[in-house]
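This chain uses plain numbering: 1 for the first residue, then up along the sequence. Computed from a prediction, not measured in an experiment: that's the story for all the values here.
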Amino acid sequence: MQTPTTSHFQLRQLVSPPFLRELHHFLWTEPCMADDRIDVGWNCRDHAWTLAFLLQFFGIDSAVAHGQAFFASGPTVKQEAVSYTQAPHSWLVAKNLGAIDLSIKPAFVAAGDRFSVPIKWIFLNGAAPGKCETLFFTDENAYRRATLQLPERRNRMGAAYLAEGYERLGRDHFESAARWMDSSLTRQLLNLRADPSGLYAALLAHLIGFLQGRAPSLAALPFRDAWSALASEQPAFRNLPELLPAA
């Protein structure tokens with residue numbers, strides 16, 4: 001399957017291991033307690049915001065889908081069925097291309113428990129590994145049926161998404177990024193800057209440079225040091241072309 005190319009950028013670069021490592025290093029956080037529950041650090045809104053504006057930079061229109069996601073791996077000879085629900089969840093839908101969810105980390109630990117998601121990413125309605133079945137719903141009853149059926153499919157992996165609403169991000173979302181996301185990452189970034197929205201702009205500029213081969217990887221730095229390096233760059237709107245729509 002061919003993927004769109006624009007300004008020497010190929011959309012498939014987004015699922016390359018180096019880019020995913022860079023993205024996850026900045027946007028996944030360590031598990032923490034939030035409102036008497038465990039926040040595993042899966043900052044899906046942060047991923048969706050970042051990818052929405054990154055694609056917009058390269059001329060690809062998209063909307064953020066809000067809803068729920070369910071991931072399952074059916075039983076095998078060596079393993080019982082496993083599943084994981086992420087709710088609420090946000091991902092991206094690229095116009096005329098399909099769903100993209102790069103927020104998935106196949107394995108993570110929270111409160112001493114190891115969680116496993118049987119896929120690496122969702123890209124243009126497909127998944128890795130390629131044998132994974134991907135299902136997209138707007139009807140909640142159909143989605144619930146899928147969450148019951150997927151774990152029963154022997155030697156099969158599957159992902160089901162329920163879209164409950166869509167949101168197109170514009171300039172207001174760019175300028176007030178931290179308020180829109182309100183994530184565990186946002187709260188950690190308050191230690192670096194009173195309004196972390198500018199840090200998300202810095203990350204966006206860094207990832208664009210990384211994809212274009214102009215910016216080095218910062219994934220080898222400790223989490224806080226990597227964000228501090230971005231904070232020192234002091235990005236502004238002039239770092240990005242005037243592609244952002246009016247609010």
Side-chain angles (χ1 to χ4, degrees), residues 1-28 43-66 90-105 120-128 134 136 161 163 166-178 180-181 185 196-219 226-227 229-230 233-247:
M1 175 184 180
Q2 288 190 327
T3 53
T5 303
T6 177
S7 303
H8 305 293
F9 163 71
Q10 292 188 345
L11 195 58
R12 197 157 192 87
Q13 287 176 256
L14 298 180
V15 293
S16 67
F19 180 78
L20 289 176
R21 183 168 54 251
E22 199 77 8
L23 186 71
H24 289 173
H25 183 64
F26 281 99
L27 297 183
W28 268 79
N43 298 299
C44 57
R45 286 174 71 92
D46 305 62
H47 283 82
W49 183 98
T50 303
L51 287 173
F53 284 110
L54 190 151
L55 290 184
Q56 193 173 132
F57 179 93
F58 288 109
I60 300 173
D61 195 18
S62 66
V64 176
H66 300 295
S90 298
W91 64 98
L92 212 61
V93 179
K95 185 177 181 180
N96 299 325
L97 295 173
I100 300 175
D101 186 1
L102 305 186
S103 70
I104 303 164
K105 185 187 284 188
K120 296 179 181 178
W121 40 253
I122 299 291
F123 181 70
L124 307 187
N125 291 347
T134 52
F136 300 93
Y161 283 72
Y166 296 91
E167 186 176 9
R168 189 168 183 269
L169 305 190
R171 185 174 293 274
D172 281 353
H173 299 89
F174 189 90
E175 295 176 341
S176 58
W180 183 81
M181 281 174 268
L185 173 58
S197 295
L199 294 177
Y200 286 97
L203 175 61
L204 181 61
H206 169 71
L207 292 175
I208 290 170
F210 183 78
L211 287 169
Q212 295 177 330
R214 297 183 290 101
S217 172
L218 299 177
W227 275 106
L230 294 186
E233 295 178 8
Q234 307 226 348
F237 279 105
R238 55 184 166 75
N239 295 93
L240 304 172
E242 292 298 315
L243 293 177
L244 301 178

For [X], which residues count as a side chain to side chain contact (heavy atoms under 4.5 Å, CB included) partner, sequence neighbours excluded?
X: A177; result: W49, M181, S197, Y200
X: S176; result: R179
X: P216; result: none
X: A63; result: none

message: As a quick check of understanding, evaluate side-chain hydrogen bond (donor to acceptor under 3.5 Å, both in side chains) for W180 and E175, giving each step before the final call.
response: CA-CA 10 Å; W180 183 81; E175 295 176 341; over 6 Å; no

Sequence neighbours left out, what passes side chain to side chain donor-acceptor pair (under 3.5 Å) with [X]? Give chain and number order.
X: H25; result: none
X: W121; result: none
X: N125; result: none
X: Y161; result: D101

- request: Using the salt bridge (Lys or Arg N to Asp or Glu O under 4.0 Å) rule, collect all pairs that involve residues 203-214, keeping only residues at least two apart or in two chains.
  value: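 Matches after skipping sequence neighbours: none remain.
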
[X] and [Y]: which non-hydrogen atoms are nearest, and at how many Å?
X: T50; Y: L27; answer: OG1-CD1, 3.8 Å
X: V64; Y: L92; answer: CG2-CD1, 3.8 Å
X: Q212; Y: F58; answer: NE2-CE2, 3.8 Å
X: L218; Y: A229; answer: CD1-CB, 4.3 Å
X: A127; Y: I122; answer: CB-CD1, 3.8 Å
X: L199; Y: W227; answer: O-CZ3, 3.4 Å

Reported [atom1]-to-[atom2] distance for the pair [X] and [Y], which is rounded to 0.5 angstrom:
X: C44; Y: I104; atom1: SG; atom2: CD1; answer: 10.5 Å
X: L14; Y: L23; atom1: CG; atom2: CG; answer: 9.0 Å
X: L169; Y: Q56; atom1: CG; atom2: CD; answer: 8.0 Å
X: R21; Y: S16; atom1: CZ; atom2: OG; answer: 8.5 Å
X: L207; Y: Q13; atom1: CG; atom2: CD; answer: 12.0 Å
X: N43; Y: S90; atom1: CG; atom2: OG; answer: 11.0 Å

query: Would H66 and W91 satisfy side chain to side chain contact (heavy atoms under 4.5 Å, CB included), going step by step from the backbone distance to the final call?
result: CA-CA 7 Å; H66 300 295; W91 64 98; over 6 Å; no

Side chains of [X] and [Y]: does their closest heavy-atom pair fall under 4.5 Å?
X: L55; Y: I100; result: yes
X: H47; Y: H24; result: yes
X: R168; Y: D61; result: yes
X: I60; Y: K95; result: no

message: Set out, in order, the CA-CA distance, both residues' side-chain angles and the distance that settles side chain to side chain contact (heavy atoms under 4.5 Å, CB included) for F57 and L204, then state yes or no.
response: CA-CA 10 Å; F57 179 93; L204 181 61; 5.9 Å; no

task: Step through it carefully: locate the ring centre of F26, locate the ring centre of H206, and say whether they are under 6.0 Å apart.
output: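 They qualify: ring centres under 6.0 Å apart.
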
message: Ring-plane angle category for F53 and F174, please: parallel below 30°, perpendicular beyond 60°, tilted otherwise.
response: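 If you compare the ring of F53 with that of F174, the planes turn out perpendicular.
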
